Amino acid sequence: MWWAGRRKQECPSANDGHPSEVPASAYFQPGSAGWTVSTVTVRRDQRLDSDKVGELDPLVPLEVLEVGEGRRIKVRCCNGLDLEGRAMGVEGWVSCQTRSGEQLVARPADVDGEMV
């Protein structure tokens with residue numbers, strides 16, 4: 001599988017032209033692969049105020065386990081850090097984009113540039 005040059009991919013815009021209105025389900029489904037574009041906070045559940053369980057650096061590969069509401073996806077990876085800085089597998093909820101539409105999690109593309 002070809003990893004689309006690790007460049008920031010522009011998200012398609014919603015009907016009103018504001019990219020943050022597009023839900024995570026427009027980009028991801030359970031079983032999808034991806035990687036982090038920037039540092040991402042991993043939380044215990046979908047709520048943005050839930051307990052922080054870890055943090056992922058840029059370019060960490062991950063698997064989407066579940067698609068939540070809005071921008072939230074549940075992911076698993078094997079090279080994140082826990083809150084004490086120990087290497088471990090991390091599983092939890094992240095935002096796939098910021099409120100303003102900046103991408104936080106990218107999707108892979110095959111050699112022809114088609115999203116998989």
Side-chain angles (χ1 to χ4, degrees):
M1 180 176 292
W2 173 255
W3 288 91
R6 293 188 173 135
R7 67 181 183 273
K8 193 181 281 188
Q9 299 167 332
E10 293 301 319
C11 299
S13 59
N15 293 338
D16 66 357
H18 194 273
S20 63
E21 298 298 320
V22 180
S25 60
Y27 310 109
F28 298 99
Q29 59 185 348
S32 296
W35 72 87
T36 55
V37 175
S38 61
T39 302
V40 176
T41 300
V42 183
R43 298 197 176 273
R44 187 162 317 283
D45 60 44
Q46 282 193 70
R47 292 186 347 263
L48 293 171
D49 63 348
S50 67
D51 292 339
K52 182 177 172 181
V53 296
E55 193 167 83
L56 303 176
D57 290 328
L59 303 179
V60 172
L62 49 82
E63 174 189 6
V64 176
L65 302 175
E66 187 177 335
V67 177
E69 295 187 22
R71 303 172 285 130
R72 306 294 282 167
I73 55 176
K74 186 174 186 179
V75 299
R76 175 177 43 219
C77 74
C78 58
N79 56 348
L81 298 177
D82 67 11
L83 293 176
E84 284 75 44
R86 298 178 301 227
M88 62 172 277
V90 173
E91 184 175 310
W93 290 87
V94 301
S95 293
C96 64
Q97 60 180 304
T98 65
R99 285 185 190 108
S100 62
E102 183 179 337
Q103 189 174 15
L104 298 173
V105 178
R107 301 172 296 172
D110 67 16
V111 184
D112 297 325
E114 295 296 317
M115 301 313 288
V116 293

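Keep in mind it's a predicted model, so treat the numbers as computed, not measured.
- For R44, the side-chain hydrogen bond (donor to acceptor under 3.5 Å, both in side chains) test picks out no residue, with sequence neighbours left out.
- Among V42, L56, V40, V90, the one residue that satisfies the side chain to side chain contact (heavy atoms under 4.5 Å, CB included) test with L62 is L56.
- At a threshold of 4.5 Å between non-hydrogen side-chain atoms, the residues V105 and F28 count as touching.
- Remark: Q97 CD to R71 CZ distance equals 7.0 Å, nearest 0.5 Å.
- Between V94 and L104 the shortest side-chain heavy-atom distance does not fall below 4.5 Å.
- Shortest non-hydrogen contact noted between I73 and C96 is CD1-CB, 4.1 Å.
- Clustering ILVMFWY residues whenever any of their side-chain heavy atoms sit less than 4.5 angstrom apart, transitively, puts L65 in a cluster other than the one holding V60.
- With rounding to the nearest 0.5 Å, the separation of CD in E63 from OG in S32 is 9.0 Å.
- Between E91 and K74 the shortest heavy-atom distance is OE2-CE, 3.6 Å.
- Remark: T39 engages no residue in a side-chain hydrogen bond (donor to acceptor under 3.5 Å, both in side chains) (not counting sequence neighbours).
- Closest of all the heavy-atom pairs between V67 and Q29 is CG2-CA, 3.8 Å.
- Annotation for R107 and A26: closest pair NH1-O, 4.4 Å, computed over non-hydrogen atoms.
- In this structure, the side-chain contact (heavy atoms from CB on, under 4.5 Å) partners of T41, at least two apart in sequence or on a different chain, are R43, K52, E55.
- In this structure the side chain of S95 reaches within 4.5 angstrom of the side chain of R72, judged on heavy atoms.
- Heavy-atom minimum distance, C77 versus P61: CB-O, 3.2 Å.
- Looking at W93 and R47, their side chains never come closer than 4.5 Å, going by heavy atoms from C-beta outward.
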